[in-house]
Amino acid sequence: MLSLKIIAENPDVIIDRLKVKNFDASAIVERLAGLDSERRQLQAHLDTSQSAFNKLSKQIGTYYQQGKKAEAEEARDRSAGLKEEIKRLSPELADIEARVKELLLQLPNLPHESVPQGKLPEDNLLVRQGGEMPELQPGALPHWELARKYDIIDFELGSKITGAGFPVYKGKAAKLQRSLINLFLDSAARAGYTEIIPPIAVNEASAFGTGQLPDKEGQMYYINEDNLYLIPTAEVPLTNIYRDEILSYKDLPRRLTAYTPCFRREAGSYGKDVRGLNRLHQFDKVEIVEIQHPDRSYETLENMTSYVEGLVKLLGLPYRILLLCGGDMSFHAAKTYDFEVFSAAQQKWLEVSSVSNFESFQSNRMMLRYRDEDGKNIRPAHTLNGSALALPRIMAALLENNQSPEAIHIPPALVPYTGFEAISL
RNA sequence: GGAGAAAUGGCAGAGUGGUCGAAUGCGGCGGUCUUGAAAACCGUUGUUCCGUUACCGGAACCGGGGGUUCGAAUCCCUCUUUCUCCGCCA
């Protein structure tokens, strides 16, 4: 959510910048400006009436105490008009405020000035590429066939127990999955992130805070009876730790990491892109989150990106980093780097991480602020997060890229965790 | 799931209808003292919105929402959360 103040002060800048996201903000901005001045006027009026009413009430109290019953009753009659006015104007103000909020929620975050204009994934900017492209032997199998061949991931069994998109990992794949999680968590801890085990169901306020609500409720599994949402990412509980908080500038940055299962309904996405592990309803992910001072958030974005790059390198996967164009970015992000690894048997780039700076977009929603060094100014902090990493597609690429006709080889960095060097028959 | 108690500022904790945004203590910040620090003493210390934006003035907020009243932290209703006991249970 953008702040009303900034919109009112720089309407043209807002409209201009949002064009990069292919969003025409002019109508909303104009309506906001009108509503805002209406709101100010009404607030001033209401405050004055309230003030007069409060004075009268006190006066009445004094009269009663002095036994001046007639004066008290006369003053009470006089206050009736004010009371009625307050009763009439208060809901009007609340209504305007609600309308302002509703409009504010429709505006996407402003893209950072370094974000390229563009509409499609093809307009994303290749930032870096690394790792060696594996040369697979003829007859190399996609991961879903490797999964069947070595009996390590069972999609049909998941279907039986739950439904499509809920695979069952068995034996060495289960161990490999857990090894990846441990490797990622240990690395994050070494890099200075504090490990958290958060709830994986969240309430409405939390889902609103990070931007899943409203509008994206279709993405989340909802527990109707308790009004809770299963998290689509650990970003939600982690960032909401600081909801309604005022941190000291000394507390910044706050750096957190968590492993959680993630749940996504992904309604309406079917087809061959979703085979195997490529797109699931439940998957594992290690997330990193950082709450940072606005002056340093872009430095942090680069650092987080380098950190994630280190993980992909550690696993020996061919990867590329993309700077997303305005049109491909999420509604909430100001700047996003996507990580893709190459899954050799599918001959496909798979997105395994998305690292974003949200600036104050989430902070404004959840009142996450910090008190600056001068001790006086309270401002929204910047929030950032990134996958480090999402497991299934990493698993897919590892299985495919490291296969030989008789085995799948485990990258050396993982062997201390798995305790085995290969998956074979 | 059943019974009971509670929810007040960063924390602890007073306040049972008016002058209460709220005593007191701790903590934080500034100062005096000190070579420096501690102690002691003095001062200061919530958030949001509106108006002015130097200073300052006004409004709202005592878990959330609603009600009674001229007036609510205080009374009533409701929801949520926490604690204690019982039951069930990984």
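Since we're looking at a predicted model, the values are computed, not measured. Chain naming here is simple, since letters A, B, ... match the order of the sequence lines and numbering starts at 1 in each. All values below come from the heavy atoms of this structure, side chains included, with hydrogens, waters and symmetry mates left out.
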Undergrad: Give the ring-plane orientation class for Phe361(A) versus Phe331(A), where under 30° counts as parallel, over 60° as perpendicular and anything between as tilted.
TA: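 Phe361(A) vs Phe331(A) ring planes: perpendicular.
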Undergrad: Want to settle it: does Ala44(A) or Lys87(A) sit nearer the 5' end of RNA chain B, counting the closest nucleotide to each?
TA: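 With Ala44(A) and Lys87(A) compared, the 5'-side residue is Ala44(A).
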Undergrad: When the P atoms of A72(B) and G66(B) are compared, how many Å lie between them, rounded to an integer?
TA: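 Per the computed distance, 14 Å lies between those P atoms.
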Undergrad: Starting the side chain at C-beta, find the nucleotide from G71(B), U48(B), A60(B) nearest to Ile378(A).
TA: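 Of the options given, the side chain of Ile378(A) lies nearest U48(B).
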Undergrad: Looking at residues 28-42 of chain A, who's got a heavy atom less than 4.0 Å off RNA chain B?
TA: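 Going residue by residue through residues 28-42 of chain A, the ones with a heavy atom under 4.0 Å of RNA chain B turn out to be Arg39(A), Arg40(A).
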Undergrad: Report yes if a side-chain nitrogen or oxygen of Gln43(A) is closer than 4.0 Å to either non-bridging phosphate oxygen (OP1 or OP2) of A59(B); otherwise report no.
TA: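 Answer no for this pair, as no side-chain N or O of Gln43(A) is under 4.0 Å from OP1 or OP2.
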Undergrad: Is Arg369(A) touching bases, backbone alone, or none of the nucleic acid, heavy atoms closer than 4.0 Å?
TA: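 Arg369(A): backbone/sugar contact only, no base atoms under 4.0 Å.
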Undergrad: Got a second to check how far Glu9(A)'s CD is from Leu4(A)'s CG, nearest 0.5 Å?
TA: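 If I round to the nearest 0.5 Å, the distance is 9.5 Å.
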Undergrad: Please name the nucleotide paired to U68(B) by Watson-Crick or G-U wobble geometry with both distances under 3.5 Å, or report none.
TA: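 With both distances under 3.5 Å required, U68(B) matches none.
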Undergrad: Determine: side-chain N/O of Asn54(A) to OP1/OP2 of A59(B), distance under 4.0 Å, yes or no.
TA: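 Answer is yes, contact under 4.0 Å.
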Undergrad: Give the rounded distance in Å between these two atoms: CZ of Phe53(A) and C1' of A72(B).
TA: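 Those two atoms, CZ and C1', are 12 Å apart.
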Undergrad: Just how far, in rounded Å, is P of C79(B) from CG of Asp226(A)?
TA: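 The distance from CG of Asp226(A) to P of C79(B) comes to 16 Å, rounded to the nearest Å.
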Undergrad: Figure out the CG/P separation between Leu56(A) and U19(B), and round it to whole Å.
TA: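 Taking atom P of U19(B) as the reference, CG of Leu56(A) is at 15 Å.
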Undergrad: Just how far, in rounded Å, is P of U48(B) from NZ of Lys101(A)?
TA: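 About 15 Å, once rounded to whole Å.
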Undergrad: Counting heavy atoms from C-beta on, name the nucleotide in C70(B), C50(B), U48(B) closest to the side chain of Lys83(A).
TA: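 Nearest to the side chain of Lys83(A) among the choices is C70(B).
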Undergrad: Looking only at side-chain N and O atoms, does Ser51(A) come under 4.0 Å of OP1 or OP2 in A59(B)?
TA: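 Result: yes.
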Undergrad: Show me the donor-acceptor pairs within less than 3.5 Å that the side chains of residues 83-90 of chain A make with the rest of the protein, sequence neighbours left out.
TA:
| unit_1 | atom_1 | unit_2 | atom_2 | d |
| --- | --- | --- | --- | --- |
| Glu85(A) | OE1 | Ser49(A) | OG | 2.6 |
| Ser90(A) | OG | Ile86(A) | O | 2.8 |

Undergrad: Measure CD/Glu84(A) against C1'/C70(B) and give the value in whole Å, please.
TA: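 Whole-Å distance recorded here is 14 Å.
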Undergrad: Taking for each residue the nucleotide of RNA chain B bearing the nearest heavy atom, is the 5' side occupied by Ile246(A) or by Lys55(A)?
TA: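 First, find each residue's nearest nucleotide; the 5'-ward one identifies Ile246(A).
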Undergrad: Using the test ring pair (Phe, Tyr, Trp, His ring centres under 6.0 Å), find all partners of Phe358(A) that sit at least two apart in sequence or belong to another chain.
TA: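 Checked Phe358(A) against ring pair (Phe, Tyr, Trp, His ring centres under 6.0 Å); zero matches.
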Undergrad: Can you tell me if Arg371(A) touches the phosphate of U47(B), counting only side-chain N or O atoms and a distance under 4.0 Å to OP1 or OP2?
TA: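 Arg371(A) to U47(B) OP1/OP2: side-chain N or O found under 4.0 Å.
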Undergrad: Salt-bridged, Asp123(A) to Lys119(A), with N to O below 4.0 Å?
TA: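 No salt bridge links Asp123(A) with Lys119(A).
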Undergrad: What integer distance in Å separates Glu204(A):CD from C79(B):P?
TA: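 Taking atom P of C79(B) as the reference, CD of Glu204(A) is at 18 Å.
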Undergrad: Using Watson-Crick or G-U wobble geometry with both distances below 3.5 Å, tell me the partner of A40(B), or none.
TA: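 A40(B) is paired with U32(B).
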